[in-house]
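Nothing here was measured: the structure is a model prediction, and the numbers come from that model. Note that ligands are numbered from 1 as they come in the structure, with each ligand's atoms numbered from 1 the same way.
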Amino acid sequence: MTYDTRYPSIADLKIRAKRRIPNFAFDYVDGGIDQEHGKRRNREDWHKVQMTPRYLLDVSSADLSTTIFDQTYSMPFGVPPVGLGNMMWPAAEIALATAAQKNNIPYMLSTLSTTLLEDIAEVAPDVCWFQLYVPQDIDVMKDILSRAKNSGYKVLVVTLDIPVGAKRNREIKNGLKLPFSITPNMIWQSMIHPQWAINTVINGRPDFVNVLRYKTTPNQGLSEFLTSFNMQGVTRERIEIIRNLWDGPVVLKGVQYESDMLAAIDIGIDGVVISNHGGRQLDAAPSTMQSLTQLSKYSSEKMTIMIDSGIRTGMDVVRAKALGAQMAFSGRSFFWGMGALGAAGGEQVIAIYKDEIDRTLKQLGCGAFKTMDDSWLA
Ligand SMILES: Cc1cc2nc3c(=O)[nH]c(=O)nc-3n(C[C@H](O)[C@H](O)[C@H](O)COP(=O)(O)O)c2cc1C
């Protein structure tokens with residue numbers, strides 16, 4: 001698998017994405033919460049993980065595959081849920097799901113995606129996972145779950161870490177709010193990014209197509225609808241109901257605290273994504289690298305630990321495995337790829353990570369990702 005050598009790293013894709021798309025779209029993806037300390041901490045802590053290489057070994061090939069919930073993926077890296085994905089680049093969600101299917105890596109679709117869950121399942125039938133923002137209304141929740149199940153989603157991922165709406169200063173300053181209203185800045189930004197603007201006109205304004213059908217009060221604003229739609233603080237009781245309803249693996253996303261991990265194990269949850277939403281919800285939250293070091297002891301045949309937030313290189317994915325995570329995800333990497341290269345962006349991101357994971361394993365003297373463990377930590 002080759003990639004466009006003008007953009008050999010995720011950092012290079014980010015630079016190009018910033019040039020090619022309007023600032024309100026770039027800031028929506030790039031921004032963290034409050035002062036963005038948590039976002040920075042995520043990144044800095046991955047750099048701190050040192051590993052010692054071993055030589056005098058044959059590393060002519062390295063096996064990148066990983067098996068999760070009885071399915072083998074070609075590499076230990078996937079696409080996490082990103083709401084409003086088609087704003088970063090028009091039709092980004094279909095393009096990324098298609099690239100994930102082709103390369104056999106997991107693709108998580110957000111409840112707040114801008115493509116119908118049924119359409120994503122058609123292009124990514126073997127690798128699609130569904131991410132649920134838990135609706136307050138239990139009948140609505142059951143309807144979404146049955147739509148996801150009937151469409152063939154493999155894994156259900158329940159996000160825990162938005163008990164309250166986020167205050168993101170960049171979005172406020174850019175005038176990005178619901179319902180979308182066109183500000184002079186947006187008109188200007190669209191004019192100076194014509195390729196993005198033309199594609200957006202062709203594809204239509206991004207909308208929350210999976211949930212809008214549940215808006216039954218005609219005069220209710222979009223923002224009020226979404227606030228009333230989501231459960232403000234997902235309870236253990238609700239997770240138990242979901243566990244009983246979903247016939248298949250259930251994953252909790254946003255776990256950082258020991259009692260949440262213990263509850264997940266107790267309820268019979270199959271996996272967790274240690275995540276702080278990429279530093280977008282609580283600026284004081286610990287880095288996920290730090291949480292992983294505290295929670296990895298709970299990894300078992302029944303509990304699969306995965307991670308995201310601040311992952312930007314294949315070496316970070318290997319670091320995460322040495323610390324105990326079977327699979328890693330990065331939202332911003334994929335959406336910078338889309339912003340930089342349009343429909344080709346997903347393949348480019350996958351190729352970069354694949355190459356970097358392969359090289360890191362070989363450099364460390366490890367012939368298979370599955371065997372990477374804490375004995376490599378310096
Ligand atoms: C623009 C944006 C939108 C997101 N939307 C969702 C979402 O709808 N559901 C969800 O569970 N997580 C969402 N996340 C969090 C990601 O799934 C993931 O946890 C995060 O991107 C990981 O951090 P990273 O971007 O630093 O790799 C979003 C993240 C970003 C950047």
Could you go through the salt bridge (charged side-chain N to carboxylate O under 4.0 Å, His left out) check for R236 and D266 one step at a time? CA-CA 10 Å; R236 177 183 169 129; D266 198 36; 2.7 Å; yes
Can we call the ring centroids of W89 and F26 under 6.0 Å apart?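 Not close enough - the centres of the two rings lie 6.0 Å or further apart.
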Under 3.5 Å between any N/O of [X] and any N/O of ligand 1: does that happen in this structure?
X    : value
I311 : no
F329 : no
Y28  : no
G83  : yes
D308 : yes
V29  : no

Which of parallel (below 30°), tilted (30 to 60°) and perpendicular (above 60°) describes [X] and [Y]?
X    : Y    : result
F77  : Y353 : parallel
F24  : W196 : perpendicular
F130 : Y153 : perpendicular

Charged N to carboxylate O below 4.0 Å: is that the case for D30 and K39?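 Salt bridge between D30 and K39, a charged N being under 4.0 Å from a carboxylate O: yes.
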Is the shortest distance from a Lys or Arg side-chain nitrogen in D12 or K14 to a carboxylate oxygen in the other one below 4.0 Å?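 The answer is no: the pair does not qualify as a salt bridge.
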Contacting atoms of ligand 1, where contact means under 4.0 angstrom from a heavy atom of G331: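 Per the distance check, 21 (O), 24 (P), 25 (O), 27 (O).
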Given I162, V82, D161, I10, which one has a non-hydrogen atom that is nearest to atom 3 (C) of ligand 1?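 Of the listed residues, V82 has the closest heavy atom.
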Within the structure, is a non-hydrogen atom of R312 found at a distance of less than 4.0 Å from ligand 1?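 Yes, that is the case, since the closest heavy atom of the residue is under 4.0 Å from the ligand.
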